[in-house]
Asks: 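Quick one: structure below, then a few questions.
Order of the sequence lines sets the chain letters (A, B, ...), proteins ahead of strands, with each chain counted from 1. Below, all heavy atoms of this structure are taken into account, side chains as well, without hydrogens, waters or symmetry copies. If you're wondering where the values come from, they're calculated on a predicted model, not measured in any experiment.
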Amino acid sequence: MNEMYKLKKDISEAINILTGKDIQAESLTLTPTKKEFEGDYTLLAFPLARYFGKKPEDAAEIIGDYLKNNLEIIEDYNVIKGFLNLSFTDKYWHTSLNEMISNQNYGKGEHKSKKVMVEYSSPNTNKPLHLGHIRNILLGWSVSQVLEKAGYDVIKTQIVNDRGIAICKSMLAWQKWGKGVTPESSGKKGDFLVGDFYVLFDKKFNDEYLEWQNSDIALDIYKENGKEISKEKFFNNYKNEYFNKFSILGAEAREMLLKWEQKDEEVIKLWEMMNGWVLQGFEETFDKLGVYFDKSYFESQTYQSGKSIVDEGLRKSVFYKQSDGSVWINLEDAGMDKKLVLRSDGTSVYITQDMGTADLRFKDFGTEKMIYVVGDEQEYHFKVLFEIMKRLERPYARDMYHLSYGMVELPTGKMKSREGKVVDADDLIAEVINEAEKSAKERGELENTTKEERGEIYEKIGMAALKFFILKVNPKRRMIFNPEESVDLQGQTGPYIQNAFVRIKSILRKTEKTETKNFDNYKEINKYEKSLISTLSGYPDIIQQAANELEPSLIANFAYDLAKKYHKFYSEIRVLGAKNIEAKNFRIALSNMVADILEDAMNLLGIKMPERM
RNA sequence: GGUUCCGUAGCUCAGCUGGAUAGAGCAUCAGAUUUCUAAUCUGACGGUCACAGGUUCGAAUCCUGUCGGGAUCACCA
């Protein structure tokens with residue numbers, strides 16, 4: 001157990017002796033003292049007053065007096081209103097730091113022998129990854145890291161949506177207008193090339209649609225169904241129906257999908273080739289983002305896999321069949337609707353696949369907990385999925401969780417990939433690294449490094465800026481992403497934290513590393529050092545909390561707070577120029593510990609630390 | 001309309017398991033470098049914590065309602 005808990009336990013015992021009551025340590029509120037007041041930690045006496053039958057101030061006075069006389073680590077106390085401010089002895093701080101340093105795995109949670117799956121990324125193979133994917137990927141990766149740190153066994157997966165009508169649109173456009181172009185021949189990254197054809201399809205389709213809108217059939221349909229709204233608005237809403245009923249291109253795309261499902265040799269060949277281009281492109285982007293997957297699932301392989309579960313559900317009477325042959329589940333008693341799980345033609349829908357994939361994962365890995373990192377527009381879908389798995393009595397069903405996050409919007413509005421109105425992941429990555437390079441060159445701290453080293457450093461800084469910018473905010477919040485602001489390198493940013501680390505490394509390079517762990521002779525410990533130790537001592541709790549709440553932003557804010565306190569310490573206190581050897585050794589040990597924790601915490605966000613910058 | 005998420009400084013966000021005078025960063029203005037990397041530090045300016053009730057010794061935090069914004073409620077994925 002950590003220092004804070006031990007202290008709480010001691011205090012609760014003291015109160016029990018004083019009052020004869022049985023107060024639990026967990027019920028006490030003990031927080032770092034606000035900087036305006038004297039003291040290190042503050043105990044709230046308001047809730048305790050009634051056990052004493054006295055005013056909060058008087059109760060605080062009694063507790064404080066007792067603690068000062070009976071606890072070795074309490075040096076002094078003062079009472080302001082119902083707040084009992086406690087000051088600790090130097091020995092407490094020495095011991096605290098010492099214990100952190102001695103613990104090789106400081107912050108790591110106990111091994112929980114529980115397998116957790118985290119699904120994230122889940123791209124479609126008809127266009128490149130964009131800003132929305134970046135938030136998803138960074139969140140998923142970071143949550144995986146945090147869970148692992150907290151002591152879980154984590155399996156990182158993605159499901160690649162590599163089939164369906166969307167990819168057929170790209171394929172058709174390439175076939176019709178591509179003139180055999182390839183990534184090699186065009187020098188274009190595969191996912192971008194395929195994405196271009198997706199956009200091209202939409203353009204040609206729109207042209208076709210506009211022309212059709214003046215035809216007699218179209219006008220008849222409008223007269224019949226759309227009297228009350230403008231022509232423009234009506235046809236805007238009618239687009240999907242046009243695609244399915246009248247469009248020539250639509251018919252061709254659907255025919256292609258049908259051929260794909262029948263495993264038509266030519267179509268499969270085209271599909272394999274274009275998917276290969278895209279997946280190759282994705283790999284490069286994942287690599288740049290520093291993420292990977294333990295296992296990738298492909299929808300082309302799993303899209304039929306839920307059908308046996310449908311049969312099982314029918315046998316167990318969880319599902320029911322309608323006269324047209326479609327299969328449903330009624331979730332009205334759980335506050336949801338009736339939901340289709342199998343079409344009347346016997347084909348799967350989205351949720352059928354997800355049912356199958358969940359079982360498949362359980363079979364593959366024995367995952368006891370499943371976390372899906374998916375945008376909040378799918379909240380209802382997952383609510384339904386989880387309820388279905390519960391009713392099918394899956395062992396993992398009670399521990400399925402949808403980590404939903406808000407959409408990323410640009411200052412100019414929503415992103416629309418069909419219209420090419422997106423921020424591509426690759427472009428953004430290149431931009432932030434470029435920005436880091438510019439800024440680093442102005443500073444001129446890297447003159448004694450090789451070109452390769454410099455390149456690595458620019459990358460680390462740029463990626464830190466981007467990743468921290470995205471991960472510091474609560475996932476639930478919808479975020480408006482301003483490409484210019486994301487590359488800020490000053491203030492509450494990734495590079496600010498890296499800079500604290502770099503300052504420490506610079507100090508450490510200039511001195512012999514001491515192995516001293518006995519700090520008893522260091523007498524003039526100051527408030528900057530205390531605040532660093534006290535922040536460091538909160539790290540294990542932050543990890544557990546971040547794991548429980550699946551909240552990487554807690555880690556990000558912790559790292560920022562620690563870096564901020566170090567920068568402050570650095571500007572006020574000399575390390576190498578300390579007055580005596582005890583102070584110097586203590587500060588070196590403390591700085592080293594701060595660097596370790598900064599690096600560790602940032603690693604949980606997928607951010608790498610440079611030695612210099 | 002039902003469900004759900006969000007609403008805190010000009011902007012981007014912390015704080016939400018109830019506690020002291022609501023905190024950071026950006027932007028603006030003023031300062032700090034003969035001394036360990038100034039991507040730093042210090043100060044000033046900036047608030048009806050959307051609004052109204054309720055619970056409490058105490059509410060940004062909990063409850064109810066209202067307003068505003070997003071998402072969702074397909075034989076799409």
Asks: For A:Phe83 and B:G19, say yes or no: do the ring centres fall under 5.5 Å of each other while the ring planes differ by less than 30°?
Replies: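 Check failed, A:Phe83 does not stack on base of B:G19.
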
Asks: Just the rounded figure in Å: distance from P of B:U40 to CG of A:Leu562.
Replies: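 Answer to the nearest Å: 16 Å.
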
Asks: Please measure how far the P atom in B:A14 lies from the corresponding atom in B:A50, and state the result in whole Å.
Replies: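 The answer is 14 Å between these two P atoms.
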
Asks: Between A:Pro495 and A:Glu299, which has a closest nucleotide on RNA chain B that is more 5'?
Replies: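 Looking at RNA chain B, the more 5' nearest nucleotide goes with A:Pro495.
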
Asks: With respect to the side chain of A:Glu572, which nucleotide from B:C75, B:C26, B:C41 is positioned closest?
Replies: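 Shortest atom-to-atom distance from the side chain points to B:C41.
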
Asks: Using a cut-off of 6.0 Å, state whether more than 12 heavy atoms not belonging to A:Glu572 lie near its atom CD.
Replies: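 Counting neighbours around CD of A:Glu572, more than 12 heavy atoms of other residues, nucleotides or ligands fall under 6.0 Å, so yes.
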
Asks: Taking atom C1' in both B:G7 and B:U12, what distance in whole Å separates the two?
Replies: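 One C1' to the other, the span is 14 Å.
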
Asks: Tell me the interatomic distance from A:Leu30, atom CG, to B:U17, atom P, rounded to whole angstroms.
Replies: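 Going from CG in A:Leu30 over to P in B:U17 covers 17 Å.
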
Asks: Could you check which of B:C26, B:C5, B:C36 has an atom nearest any side-chain atom of A:Lys476?
Replies: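 Comparing B:C26, B:C5, B:C36 against the side chain of A:Lys476, the answer is B:C5.
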
Asks: Looking only at side-chain N and O atoms, does A:Lys81 come under 4.0 Å of OP1 or OP2 in B:C57?
Replies: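 No.
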
Asks: Tell me whether the side-chain N or O atoms of A:Asn85 pair up with the base of B:A20 as donor and acceptor below 3.5 Å, since no angle test is needed here.
Replies: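 By the distance-only test, yes, there is a pair.
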
Asks: Within 45° of the six-membered ring axis of A:Phe243 and under 6.0 Å from that ring's centre, is NZ or CZ of A:Lys169 located there?
Replies: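 Here A:Lys169 passes the 6.0 Å and 45° test against A:Phe243.
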
Asks: Can you pull every protein N or O that's under 3.5 Å from an N or O on nucleotides 68-70 of chain B?
Replies:
from: B:G69; atom 1: O2'; to: A:Arg478; atom 2: NH2; distance (Å): 3.2

Asks: Just verifying a value: how many Å separate A:Lys564 NZ and A:Leu532 CG, rounded to the nearest 0.5 Å?
Replies: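 Answer rounded to 0.5 Å: 12.5 Å.
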
Asks: Distance check: side-chain N/O of A:Lys568 vs OP1/OP2 of B:U42, anything under 4.0 Å?
Replies: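 Checking A:Lys568 against B:U42: at least one side-chain N or O falls below 4.0 Å of OP1 or OP2.
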
Asks: Relative to each other, are the rings of A:Phe246 and A:Tyr242 parallel, tilted or perpendicular (30° and 60° limits)?
Replies: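 Ring orientation of A:Phe246 relative to A:Tyr242: parallel.
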
Asks: When the C1' atoms of B:U72 and B:A77 are considered, how many whole Å apart are they?
Replies: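 One C1' to the other, the span is 14 Å.
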
Asks: Could you work out the separation of B:C6 and B:U61 based on their C1' atoms and round it to a whole Å?
Replies: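 Each nucleotide's C1' atom is 16 Å from the other's.
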
Asks: Nearest whole angstrom, please: distance from the C1' of B:C5 to the CD of A:Glu377.
Replies: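 Distance check: A:Glu377 CD to B:C5 C1' gives 13 Å.
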
Asks: Within residues 329-340 of chain A, which residues have any heavy atom lying less than 4.0 Å from an atom of RNA chain B?
Replies: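 Residues of residues 329-340 of chain A under 4.0 Å from RNA chain B: A:Asp337, A:Leu340.
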
Asks: Give A:Ala49 one of three labels, base, sugar-phosphate or nothing, depending on what nucleic acid heavy atoms sit under 4.0 Å from its own.
Replies: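 No contact.
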
Asks: Can you tell me, in whole Å, how much space there is between the P of B:A24 and that of B:G15?
Replies: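 Taking atom P in both B:A24 and B:G15, they lie 15 Å apart.
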
Asks: RNA chain B: stems of at least 3 consecutive Watson-Crick or G-U pairs, cut-off 3.5 Å?
Replies: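 For RNA chain B the paired stretches long enough to count as stems (3 pairs minimum) are B:1-7 with B:67-73, B:10-13 with B:23-26, B:28-32 with B:40-44, B:50-54 with B:62-66.
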
Asks: Nearest whole Å is fine: how far is B:U4 C1' from A:Phe382 CZ?
Replies: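 From A:Phe382 CZ to B:U4 C1': 16 Å.
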
Asks: Could you tell me which residues satisfy side-chain hydrogen bond (donor to acceptor under 3.5 Å, both in side chains) with A:Arg163, sequence neighbours excluded, listed by chain and number?
Replies: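 In terms of side-chain hydrogen bond (donor to acceptor under 3.5 Å, both in side chains), with neighbours along the sequence ignored, A:Arg163 is linked to A:Glu261.
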
Asks: A:Ser571 or A:Thr29: which one's nearest nucleotide on RNA chain B is closer to the 5' end?
Replies: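 Going by which nucleotide is closer to the 5' end, it is A:Thr29.
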
Asks: Considering only the P atoms, how many Å lie between B:A27 and B:U40, rounded to the nearest integer?
Replies: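 The answer is 10 Å between these two P atoms.
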
Asks: Could you walk me through whether A:Lys307 and A:Asp311 pass the salt bridge (Lys or Arg N to Asp or Glu O under 4.0 Å) check?
Replies: CA-CA 7 Å; A:Lys307 287 188 185 174; A:Asp311 292 337; over 6 Å; no

Asks: At what distance, to the nearest 0.5 angstrom, does CD1 of A:Ile607 lie from CG of A:Leu138?
Replies: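 It is 8.5 Å, given to the nearest 0.5 Å.
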
Asks: So does A:Arg343 get a side-chain nitrogen or oxygen closer than 4.0 Å to the phosphate oxygens (OP1/OP2) of B:C76?
Replies: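 Looking at the OP1 and OP2 atoms of B:C76, one of them is under 4.0 Å from a side-chain N or O of A:Arg343.
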
Asks: According to the interplanar angle, ranging from 0 to 90°, do the rings of A:Phe386 and A:Phe382 count as parallel (below 30°), tilted (30 to 60°) or perpendicular (above 60°)?
Replies: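 If you compare the ring of A:Phe386 with that of A:Phe382, the planes turn out tilted.
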
Asks: Choosing from B:A38, B:A77, B:G25, which nucleotide comes nearest the side chain of A:Gln378?
Replies: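 So the nucleotide nearest the side chain must be B:A77.
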
Asks: Rounding to a whole Å, what distance do you find between A:Phe468:CZ and B:A24:P?
Replies: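 Between P of B:A24 and CZ of A:Phe468: 16 Å.
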
Asks: Can you name the residues that form a side-chain hydrogen bond (donor to acceptor under 3.5 Å, both in side chains) with A:Tyr303, not counting sequence neighbours?
Replies: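 Here no residue qualifies.
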
Asks: Parallel, tilted or perpendicular, judged at 30° and 60°: which one describes the rings of A:Tyr566 and A:Tyr570?
Replies: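 A:Tyr566 and A:Tyr570: tilted rings.
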
Asks: Identify, with sequence neighbours excluded, every residue that meets side-chain hydrogen bond (donor to acceptor under 3.5 Å, both in side chains) alongside A:Thr42.
Replies: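 Expected list: A:Thr33, A:Asn85.
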
Asks: Side chain of A:His567: nearest nucleotide among B:U40, B:A24, B:U21?
Replies: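 Looking only at side-chain atoms, A:His567 lies closest to B:U40.
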
Asks: Can you confirm whether A:Asn448 is buried at CG, in the sense that more than 12 heavy atoms of other residues, nucleotides or ligands lie under 6.0 Å from that atom?
Replies: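 Not more than 12 within 6.0 Å, no.
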
Asks: Tell me whether the ring of A:Tyr560 lies stacked over the B:A24 base, given a 5.5 Å limit on centroids and a 30° limit on the plane angle.
Replies: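 No.
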
Asks: Tell me if a side-chain donor or acceptor on A:Asn124 pairs with a main-chain N or O of A:Asn126 at a distance below 3.5 Å.
Replies: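 No, the answer is negative, given that no donor and acceptor are paired below the 3.5 Å cut-off.
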
Asks: With a non-hydrogen cut-off below 4.0 angstrom, is A:Tyr380 in contact with a base, only sugar-phosphate, or nothing?
Replies: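 Here A:Tyr380 touches the backbone only, sparing every base.
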
Asks: Which of parallel (below 30°), tilted (30 to 60°) and perpendicular (above 60°) describes A:Phe46 and A:Phe83?
Replies: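 Perpendicular, since the angle between the ring planes exceeds 60°.
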
Asks: Expressed as a whole number of angstroms, how long is the span from A:Gln492:CD to B:C26:P?
Replies: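 After rounding, the gap between these two atoms is 9 Å.
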
Asks: If I pick the C1' atom on B:C41 and the same atom on B:A9, what distance separates them, to the nearest angstrom?
Replies: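 Approximately 23 Å lies between the C1' atom of B:A9 and that of B:C41.
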
Asks: Whole angstrom is fine here: how far is it from CG in A:Leu471 over to C1' in B:C13?
Replies: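 After rounding, the reported distance stands at 14 Å.
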
Asks: Considering only atom P, compute the distance from B:C62 to B:A20 and round it to an integer number of Å.
Replies: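 Pairwise P distance, B:C62 against B:A20, rounds to 16 Å.
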
Asks: Take atom CG of A:Asn557 and atom C1' of B:U12, then tell me their distance rounded to the nearest Å.
Replies: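 Distance, rounded to whole Å: 13 Å.
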
Asks: Could you check whether the side chain of A:Asp324 and the base of B:C75 have a donor-acceptor pair of N or O atoms closer than 3.5 Å, going by distance alone?
Replies: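 Indeed there is one.
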
Asks: Once the angle between the rings of A:Tyr560 and A:Tyr496 is folded into 0 to 90°, is it parallel (under 30°), tilted (30 to 60°) or perpendicular (over 60°)?
Replies: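 Plane angle between 30° and 60°, so tilted.
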
Asks: Measuring from the side chain of A:Arg477 (C-beta onward, heavy atoms only), which nucleotide among B:A77, B:C13, B:A74 has the closest atom?
Replies: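 Of B:A77, B:C13, B:A74, B:C13 is nearest to the side chain of A:Arg477.
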
Asks: Quick one: which of B:C57, B:C41, B:G23 gets closest to the side chain of A:Lys564?
Replies: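 The nucleotide sitting nearest to the side chain is B:C41.
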
Asks: Does a nitrogen or oxygen in the side chain of A:Tyr496 sit under 4.0 Å from OP1 or OP2 of B:C41?
Replies: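 Yes, within the criterion.
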
